[in-house]
Amino acid sequence: MTKLPFSYYQDQDVNALAIDLLGKYLFTAIDGQVTGGMIVETEAYNGIEDKASHAYGGRFTNRTQTMYETGGLSYVYLCYGIHHLFNVVTAPKGIPHAVLIRGLEPVEGLEIMLVRRGMPLLKRNLTAGPGALAKALGIDRNLNSKDLLGEEIWIEDRGVHIPDQQLIACPRVGVAYAEEDALLPWRYYIKGNKFVSKPNS
DNA sequence: GTGCGGATGAACT
DNA sequence: GTTCATCCGCACT
């Protein structure tokens with residue numbers, strides 16, 4: 001188990017990173033309880049040029065300042081007043097790129113994740129979808145702006161490689177407000193994986 | 001200070 | 001397919 005190094009997150013091509021993060025492993029350790037799994041679905045948010053991004057047009061606020069930090073930090077925010085969404089901040093400091101993690105195949109701490117989700121049995125929706133996986137991993141705004149090389153939340157390379165034939169690119173979910181940028185094929189997922197949030201689209 | 005609406009999910013019909 | 005929970009970020013006054 002090797003944590004992805006600081007340099008990994010400095011890449012300025014946020015789409016390349018969104019693709020490369022498929023097959024990597026995201027974990028949290030909260031109150032000594034380790035939970036996590038393999039990333040199977042991501043979306044790229046391309047800084048100030050992307051109308052779907054919180055940082056579009058260079059918008060800099062208390063919330064978005066994390067996105068401008070150096071790659072290798074977490075960006076967690078509350079969506080719809082209910083769901084926490086987890087992103088990986090990428091690119092060097094000053095460039096607000098981020099990758100939203102939308103789907104996770106559960107691997108570690110299954111029982112703990114089931115309790116957090118209030119579910120009796122493993123079903124696909126335990127960790128399919130950004131709000132669902134954040135809840136399963138115990139991610140909330142306390143984990144915003146954390147170092148992904150730290151001890152609370154981190155990402156590992158376990159040597160999994162996703163072949164091109166299993167990689168699907170399509171438009172992002174829930175960004176209709178982004179006008180023409182809503183059509184960009186910047187959502188990526190592993191074809192056929194059970195823990196992709198919406199298999200067809 | 002006020003008002004609008006969102007990078008969703010689950011429970012409905 | 002439709003509804004709605006639930007709260008803060010953000011723009012504007």
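- Taking the side chain of A/Pro130 as heavy atoms from C-beta on, and the options C/dC8, B/dA7, B/dG9, the nearest nucleotide is B/dG9.
- Residue A/Arg102 has a polar side-chain atom (N or O) positioned under 4.0 Å from OP1 or OP2 of B/dT8.
- Between A/Lys51 atom NZ and B/dG6 atom C1' the separation is 18 Å, expressed in whole Å.
- Crowding of A/Glu49 atom CD: a count of heavy atoms from other residues, nucleotides or ligands under 6.0 Å not exceeding 12.
- Spacing between atom NE2 of A/His83 and atom P of C/dA5 amounts to 13 Å, rounded to whole angstrom units.
- Atom OH of A/Tyr188 is separated from atom P of B/dA7 by 19 Å (rounded to the nearest Å).
- Aromatic stacking is not marked for A/Tyr177 over B/dG6, as the cut-offs of 5.5 Å for the centres and 30° for the planes do not both hold.
- Atom CZ in A/Arg116 sits about 17 Å away from atom P in B/dG9, given to the nearest Å.
- For A/Thr35 and A/Arg116, the side-chain atoms include at least one donor-acceptor pair closer than 3.5 Å.
- Contact annotation: A/Thr61 reaches the phosphate of C/dC10 (side-chain N/O to OP1 or OP2, under 4.0 Å).
- For A/Glu69, the salt bridge (Lys or Arg N to Asp or Glu O under 4.0 Å) criterion is met by A/Lys93, not counting sequence neighbours.
- For B/dA7, one of the phosphate oxygens OP1 or OP2 lies less than 4.0 angstrom from a side-chain nitrogen or oxygen of A/His54.
- Looking at A/Tyr77 and A/Thr64, their side chains never come closer than 4.5 Å, going by heavy atoms from C-beta outward.
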Take A/Thr42 and A/Val88 through the side chain to side chain contact (heavy atoms under 4.5 Å, CB included) test and state the conclusion after the steps. CA-CA 10 Å; A/Thr42 62; A/Val88 178; over 6 Å; no

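- For the OP1/OP2 pair of B/dG9 and a distance below 4.0 Å, the side-chain nitrogens and oxygens of A/Asn125 include no atom meeting the criterion.
- Residue A/Tyr77 places its side chain closer to B/dA7 than to any other of C/dG9, B/dG9, B/dA7.
- Within 4.0 Å of A/Ala52, counting heavy atoms only, lies at least one base atom of the nucleic acid.
- When rounded to the nearest whole Å, the span between NZ of A/Lys123 and C1' of B/dA11 equals 12 Å.
- The side chain of A/Arg63 contributes an N or O atom lying less than 4.0 Å from OP1 or OP2 of C/dC10.
- Residue A/Arg172 places none of its side-chain N or O atoms closer than 4.0 Å to OP1 or OP2 of B/dT8.
- With 3.5 Å as the limit, one finds no donor-acceptor pair spanning the side chains of A/Tyr45 and A/His54.
- The phosphate of B/dA10 has OP1 or OP2 within less than 4.0 Å of a side-chain N or O from A/Arg117.
- Residue A/Arg59 places its side chain closer to C/dC10 than to any other of B/dT8, B/dA7, C/dC10.
- Whole-Å rounding puts the A/Leu183 CG to B/dA7 P distance at 16 Å.
- Backbone-only contact: A/Gly131 has heavy atoms under 4.0 Å from sugar-phosphate atoms and none from a base.
- Whole-Å rounding puts the A/Leu85 CG to B/dG6 C1' distance at 10 Å.
- Look at CG on A/Asn142: it is 13 Å from P on C/dC8, rounded to the nearest Å.
- Listed nucleotides C/dA5, C/dC8, B/dA7 differ in distance to A/Ile82; the shortest reach to its side chain belongs to C/dA5.
- Nucleotide C/dT3 has B/dA10 as its partner under the Watson-Crick or G-U criteria, with both atom distances under 3.5 Å.
- The side chain of A/Tyr80 places an N or O atom within less than 4.0 Å of a non-bridging phosphate oxygen (OP1 or OP2) of B/dT8.
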